[in-house]
Every structure is written in C-alpha cells, then in structure tokens.
Amino acid sequence: MRNIYFVGTAGSGKSTLVKAFKQWLDDNGIDAITLNLDPGADRLAYRADIDIREWISLGEVMDEYSLGPNGAQVVAADLMAMNIHKLTSVLAGYKTNYVLIDTPGQLELFAFRESSNMIVNALGKDRSMIAYLSDPMLCKKPNGFVSSMMLSALVQFRLQLPMMNLLSKSDVLSEEEFQRMVDWFETPDALYGDFLDEDSNPQTVVGMELFKALENTGTFGGIKGVSAEEETGLDEIYASAQLTFFGGEDAERN
C-alpha cells in the first residue's frame with residue numbers, strides 16, 4: 001500500500017479533497033482507505049476507515065492536562081506518536097492500494113513536531129508522498145503566493161518526502177486568476193515581474209528575497225488545480241501518485 005498525506009493550512013480543503021479523491025478512486029476500481037490524523041476534528045467530510053480519535057480525544061486531553069485547545073493539540077500530536085503502534089496494527093489488517101491520510105488542520109502541528117516524523121516512519125516513509133494544498137485565497141497576490149510556497153518547501157524539508165503541489169478549491173478562481181498562479185509557479189520570471197509591478201514597500205522587498213531563495217532551491221516547477229466541489233483535477237492527483245510510486249505505470253488498473 002502507498003500513503004498520500006494531504007497537508008495544508010486550516011481551511012485549505014484537505015478533508016473535502018480526501019472525500020472527493022476517495023470517491024474518484026472507488027469509481028475507477030482502485031482500492032483505497034482513509035485515515036484521519038486530526039484528533040481535534042469536530043466532523044469529517046468522509047467516513048474514516050481508521051480514525052485517530054478512537055484513541056485520542058482532544059476534549060479528554062484538555063481535561064486531563066488542564067489545557068486550552070491549542071496546548072491540547074500539541075500534546076495530542078505527541079500522544080499520536082506514542083500510540084502509533086495501535087494505529088499500525090489496525091492498518092496492517094487492510095490490503096489496499098492507497099491510504100489517504102488527512103492531517104491536522106493546524107499545519108504546524110504536523111509539519112514541525114518531531115512526532116510527525118515518527119508517524120511517517122512508522123507508516124512507511126519509503127512508500128509515502130505529500131499532496132500539499134495551497135489555499136487560492138492566499139495565493140492571489142505575489143506575497144501570498146510566495147508565503148504558501150515557502151510553507152510547502154518547509155513541509156517537504158521537514159518530512160523529506162516526494163511532494164505534489166495542488167491549488168485547491170480552484171473553482172473559486174476566475175480563469176484569469178487561475179492561469180496567473182499557474183504561470184507564477186511554472187515561470188518564476190512572471191512572478192518576479194509581478195513583484196516589481198507592486199509598490200516598493202518592505203513586505204514586497206522581503207517577498208522578493210524569499211522568492212529568490214525558493215527559486216534557488218528548485219521549489220517552482222508545476223502546480224495542479226483541483227476542486228472537490230467540481231471533481232476536477234482528481235485524475236491528475238492519481239497520475240502524480242503513479243509517477244512518484246511506479247514511474248508512471250498504472251499498476252493498480254493493470
């Protein structure tokens with residue numbers, strides 16, 4: 001089985017995309033299961049086959065450790081790693097092609113806690129990848145776009161996994177807005193030019209420096225627009241996973 005971690009900032013559409021992609025896989029005869037790693041989720045857009053909330057309750061953590069929601073999320077993230085054997089033992093009972101892993105809404109809890117590396121290693125780092133969701137509302141301006149790409153690069157740096165970059169909820173964008181963002185990602189010079197067109201304020205100067213740093217690390221290249229609402233781009237997620245895991249061969253359908 002292969003693991004796809006859906007990662008992004010709160011509100012980027014992780015859960016709804018997991019639901020839509022799971023349905024797409026089902027419709028195409030490709031077996032997959034869903035795994036929820038967010039102990040603080042009030043409700044999910046899909047029915048989780050494996051749910052961390054069966055072992056860790058955010059409300060119970062708050063009560064036991066006398067913590068607020070933010071502090072409890074941090075403790076819960078560490079408790080996930082301590083209870084990873086329970087999760088892996090359940091996962092071992094499944095025979096499936098893909099595990100779609102919905103990560104916590106607070107990106108920093110998954111990307112910047114050492115417990116996340118422990119979870120990734122326990123689930124099989126050599127057969128895992130990240131689907132990073134960029135929120136289109138953040139990416140409309142050059143500064144916001146670079147901020148999102150910086151977070152994407154940091155997540156990949158921390159977890160050291162192959163990554164596909166997705167522009168989520170692309171249905172809320174006009175064709176012009178969507179194409180501009182694709183151009184920014186595929187042609188860094190276009191993004192640099194739009195930076196120069198903005199007012200020369202401190203934020204723009206910092207953004208340009210971040211842009212240069214990202215360009216030097218090879219962050220730019222390609223981004224795929226997806227929409228759970230309109231069920232578009234799901235085939236491209238599958239194609240990216242096939243390319244990463246099997247070099248492009250459609251192993252499941254074969």
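This structure is a prediction, so every number in the text was calculated from the model and none was measured.
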In this structure, which one of Ile101, Asn3, Ile52, Thr103 forms a side chain to side chain contact (heavy atoms under 4.5 Å, CB included) with Leu35? Ile101

Heavy-atom neighbours of Glu231 CD exceed 12 at 6.0 Å: no

Looking only at non-hydrogen atoms, find the nearest pair between [X] and [Y] and report the distance.
X      : Y      : answer
Arg158 : Asn117 : O-OD1, 3.5 Å
Asn36  : Ala48  : CB-CB, 4.1 Å
Arg113 : Ala77  : CG-CB, 4.4 Å
Pro136 : Val172 : CG-CG2, 3.9 Å
Asp135 : Ser168 : CA-OG, 4.2 Å

Between [X] and [Y], is there a donor-acceptor pair closer than 3.5 Å when you use the side chain of the first and the backbone of the second?
X      : Y      : value
Asp38  : Gly105 : yes
Ser15  : Ala45  : no
Thr244 : Ala241 : no
Lys22  : Arg47  : no
Ser174 : Glu177 : yes
Gln156 : Leu161 : yes
Thr34  : Asp49  : yes
Ser170 : Val226 : yes

Evaluate the side-chain proximity of Val120 to Tyr5: yes if any heavy-atom separation is below 4.5 Å, no if none is. yes

Quick one: are Leu87 and Ile119 in side-chain contact, heavy atoms under 4.5 Å? no

Quick check for you: to the nearest 0.5 Å, what is the distance between [X] atom [atom1] and [Y] atom [atom2]?
X     : Y     : atom1 : atom2 : result
Met82 : Trp55 : CE    : CH2   : 15.5 Å
Asp31 : Tyr98 : CG    : OH    : 11.5 Å
Phe6  : Lys14 : CZ    : NZ    : 11.5 Å
Asn83 : Glu54 : CG    : CD    : 12.0 Å

For the residue pair Asn28 / Tyr238, report whether a side-chain donor-acceptor contact shorter than 3.5 Å exists. no

Identify, with sequence neighbours excluded, every residue that meets salt bridge (Lys or Arg N to Asp or Glu O under 4.0 Å) alongside Glu60. none

